[in-house]
Every structure is written in structure tokens, then in C-alpha cells.
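We use all heavy atoms of the structure for the numbers below, so side chains are in, but hydrogens, waters and symmetry mates are not. For ligands, and for the atoms within them, numbers begin at 1 and follow the listed sequence. Predicted model, so just to flag it, every value in this text is computed and none were measured.
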Amino acid sequence: MYGSDKVSDEADRTAFRRAEKKYKLYYKQDSKFSKKKKQPKQVDLSDVLDFKSALEDYINKGVLPQGIRVTKCGLDDTQVFYLENHPGFYFIPGALGLEEQCKWIKESLANFPQPPNRTNHNAIYGPISNLFDAAKENMVLVREDNQPDSHDPASGSCISNGEFHSWKFVDEDFAKAKGKTWKTVPASVLLRKLRWSTLGLQFDWSKRNYDISLPHNKIPDALCQLVKRLAAIAMPVGEEFSPEAAIVNYFGLGDTLGGHLDDMERDWSKPIVSMSLGCKAIFLLGGKSREEPPQAMFLRSGDVVLMAGEARECFHGVPRVFTDEENAEIGPLESALSHGSDSSFLEYIKTSRININIRQVF
Ligand code: SIN
């Protein structure tokens, strides 16, 4: 996925790439504005499917946009949309209540990036623990070169160029006192640069497959129960979804997820369950080739997408996340996370989006 983000000139000519460019965040080239006051270019959003308003129109007027159908799932009669021309794709607007959204935002920040789960930072720093707390406390990650004796098993360590490096979070002032002998990275910078973490069976991005030999914890039980319920509508009759792996994607200002396929799981009849948290985004659902023009749709906090069967073979991606106050649409989260220790989660999610996508691998 991240590996396939690179776009060649050739790919630039595809309908999928053109749609990505249409919605991506670009800034106005206006010398009037200083760098700090960069103004985003306006983008025409009239072709973006809005399932929130589709649901309102359906409830109030009984009408649906062309090519869209609705069905009900589960005991609570939740409305589920599907697209006539994309069998296996389901959209459940507002599937997660506010409390549930807050819970998974907190888990995604405080617990999911904890070892043995891997993150994009592993390749450089080895396993690092307590990133979110360290950022909250303005700590810095420091590297002590060539000092294996001082290695603390609770902190990260890695070997590069034959040298042993050990990384750990320390107080900013303590690191300053050490002067230039210690390389430092603020935890807040690492949190901003956190792009993914993996739960359950660990995904190896360099080989683009699951490495079952890597140490891992099971997907948390509460997430399994939730996802089994959500997946039910897209499952082959009589079968229950078995959550074995998850990828958590973290998006900040300007971050995108290039068009890709999720094709490393054995049985594509089982859905990928994809939950959106935080700032509003645009999702592109394409066809089996990048030449097919994709359908753009809004994803809001609490929305859930399922992709099973034929939809598993369709290119998809996220070209835009709206991190500005006007468009992010996170008002309810702001109220729910405004108290006490929750405010650090609010600080993050006000300008970020998290996606948790859960898979059955075998
Ligand atoms: C993915 O396709 O892997 C994630 C999609 C999303 O962020 O909603």
C-alpha cells in the first residue's frame, strides 16, 4: 500500500491518478500569503458521494441517489448502502457511536503502536514504547551510540552498519544537558510521523505479505466482537468473520494513501472491515484497472466500509483528509474528548484521521 504510493508518469495518465490529483490538497501560489498562511486551492466536490445526506434523504423522503441501494443489517436495523456497479462494497454511515469512536481513537494512539505491534518507526528506531505518552510529556527520543552496556530492554534497540544503537525516551532537559553527544528526536515529531501500526499477524511491507514468524498479540477481543458484527452483512452465508490482522493508518495534514489493492489475504470472499475515525476524508473506489474512473465518497468519523468479493479486486485510496475546522466535521468528538486527560487525544484528532482496517488472513 504505502509501497505502491509511488506514481510513475505512466500511471499519471490513468483515470484513477487523475481523480487523486483532482482531490489532493494543493496550495494557491499567491505571493500575498506568507508560508504560514498558505491557502488551499478550492476543489469541486460536487461529484463526491455523500452517504450521510443520502441516509437523511432516504429516511425523510424515501429517495436514493442513482445506482445506490440500501439494506438493513444486524439486530439494530442499521442501514447499509451498496452500489449496483460494485458488488461486495458496503458503506455503513455512522456505524460507530461517539463512545465507540473515542474508545478506538484512544486505543489507536496509546496501545496499538506498542510493541510487539510494529509501526513505520521500527525500521529506523527498532521497537519504541509509549510514544503517545512521551509526546504528551514533551519527551525526546535519544540515541546512545556504541554503548551496549547501557541498553535497557524496555527501550528500543537496533543494529545499523554493524553498530549497536539504543533508543529511549528521556526528559528534554536531561537530553539537553548531554549536549551534542546524544542524537535526539522529539516524541511529538515521531507522533506526527506515525503513519501505520499493525495488529495481530504482522504485515511485512517490504515483502508485501504477512510474516507469521514475527511476535504478535491477538487482535483485542472487544475489536474482534465489534468487527464480527460489522462484517456479517458481507460474509458468505453461514460463515463468521475471523479477525486475524489489522493495519491502522494515521493521516495528518496533506497525507494521502495512494490507489492500491489489498490482495495478500487468502480468501477474498471475506471482507476487509475499514473504520474511519477523526477528520473527514475523501475515499476513491475504482475498478479492477486504474483506467476505470473511480467513484469519490466522503468518509466521516464513525463510518464503516466493507470490501468483499469483487470489490476486493478494485483499486481504492484516500487522496484527501480535511484537517481544517470548517470541513473536518469532528464537532461531536470535540465535545466528547474535551475533559481532563482526554484533551491530549483531542489535540491529536482535531487535525488527524485514523483508519483501522481489519482482515481475515487465512
Ligand atoms: C485502506 O484502503 O487501506 C485504508 C482506507 C482508508 O483509510 O479509509
Side-chain angles (χ1 to χ4, degrees), residues 1-5 16 19-20 23-25 48-52 81 83 86 88-96 101 104-105 108 112 119-120 194-205 208-210 227 230-231 234 243-265 268 270-288 290 294-308 311-323 328-330 349 352-361:
M1 283 151 254
Y2 289 97
S4 62
D5 270 1
F16 199 96
E20 286 178 318
Y23 294 114
K24 194 173 179 258
L25 173 64
V48 185
L49 195 51
D50 187 340
F51 282 106
K52 185 179 176 209
F81 289 100
L83 308 181
H86 275 290
F89 178 85
Y90 299 87
F91 194 111
I92 318 178
L96 307 178
Q101 292 172 45
W104 297 116
I105 288 169
S108 299
F112 293 167
T119 77
N120 54 303
L194 180 68
R195 287 306 314 271
W196 55 262
S197 62
T198 41
L199 319 182
L201 292 176
Q202 297 291 292
F203 194 78
D204 181 336
W205 295 92
R208 285 202 80 246
N209 63 18
Y210 292 93
V227 167
L230 293 167
E244 289 164 326
I247 298 174
V248 186
N249 294 306
Y250 304 84
F251 299 82
L253 174 71
D255 290 340
T256 62
L257 184 57
H260 64 277
L261 297 174
D262 295 310
D263 51 4
M264 295 318 298
E265 293 74 29
W268 293 358
K270 310 286 161 39
I272 288 185
V273 182
S274 188
M275 309 181 352
S276 285
L277 301 165
C279 295
K280 190 174 73 179
I282 293 180
F283 180 77
L284 292 179
L285 175 65
K288 294 182 186 176
R290 289 182 193 267
Q295 171 66 60
M297 57 193 83
F298 289 119
L299 284 174
R300 294 182 175 84
S301 197
D303 290 344
V304 168
V305 159
L306 309 174
M307 293 180 81
R312 290 291 303 259
E313 299 172 60
C314 294
F315 283 91
H316 57 279
V318 179
R320 182 70 176 262
V321 176
F322 297 94
T323 56
E329 294 191 34
I330 55 154
I349 208 67
S352 310
R353 170 176 186 264
I354 299 172
N355 163 262
I356 310 177
N357 61 83
I358 304 106
R359 298 118 191 272
Q360 176 164 343
V361 178

Find out whether [X] and [Y] are in side-chain contact, i.e. whether some heavy atom of one side chain is under 4.5 Å from a heavy atom of the other.
| X | Y | result |
| --- | --- | --- |
| Met307 | Leu285 | yes |
| Tyr210 | Arg359 | yes |
| Thr198 | Trp205 | yes |

Near [X], which atoms of ligand 1 are under 4.0 Å from a heavy atom of that residue?
| X | value |
| --- | --- |
| Asn357 | 3 (O) |
| Arg353 | 6 (C), 7 (O), 8 (O) |
| Leu299 | 8 (O) |
| His260 | 1 (C), 2 (O), 3 (O) |
| Val318 | 5 (C), 6 (C), 7 (O), 8 (O) |
| Phe251 | 7 (O) |
| Asn249 | 3 (O), 4 (C) |

Arg359 N/O to ligand 1 N/O under 3.5 Å:
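Min N/O separation from ligand 1 is not below 3.5 Å for Arg359.
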
Quick check: does His316 get an N/O under 3.5 Å from an N/O on ligand 1?
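Checking ligand 1 against His316, an N or O pair does fall under 3.5 Å apart.
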
Nearest heavy atoms of Tyr23 and Pro319, plus distance in Å
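Heavy atoms only, the tightest pair is CB-CG, 3.9 Å.
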
Considering residues at least two apart in sequence or located in another chain, which fulfil the salt bridge (charged side-chain N to carboxylate O under 4.0 Å, His left out) criterion with Glu244?
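For Glu244 there are no salt bridge (charged side-chain N to carboxylate O under 4.0 Å, His left out) partners, ignoring immediate neighbours.
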
Restricting to salt bridge (charged side-chain N to carboxylate O under 4.0 Å, His left out), what partner residues turn up for Arg300, sequence neighbours left out?
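Partners of Arg300 by the salt bridge (charged side-chain N to carboxylate O under 4.0 Å, His left out) criterion, ordered by chain and then number, come out as Asp50, Glu329.
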
Out of Thr256, Leu257, Ile356, who is nearest to atom 1 (C) of ligand 1 when you count heavy atoms only?
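Nearest option to atom 1 (C) of ligand 1, by heavy atoms: Leu257.
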
Is the terminal nitrogen or CZ of Arg320 (NZ for Lys, CZ for Arg) located under 6.0 angstrom from the six-membered ring centre of Phe283 and within 45° of that ring's axis?
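No.
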
Quick one: CG on Leu277 to CG on Leu96, what's the gap to the nearest 0.5 Å?
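Answer rounded to 0.5 Å: 6.5 Å.
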
Is it the side chain, the backbone, both or neither of Ile247 that has a heavy atom closer than 4.0 Å to ligand 1?
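Under 4.0 Å from ligand 1, Ile247 contributes no heavy atoms.
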
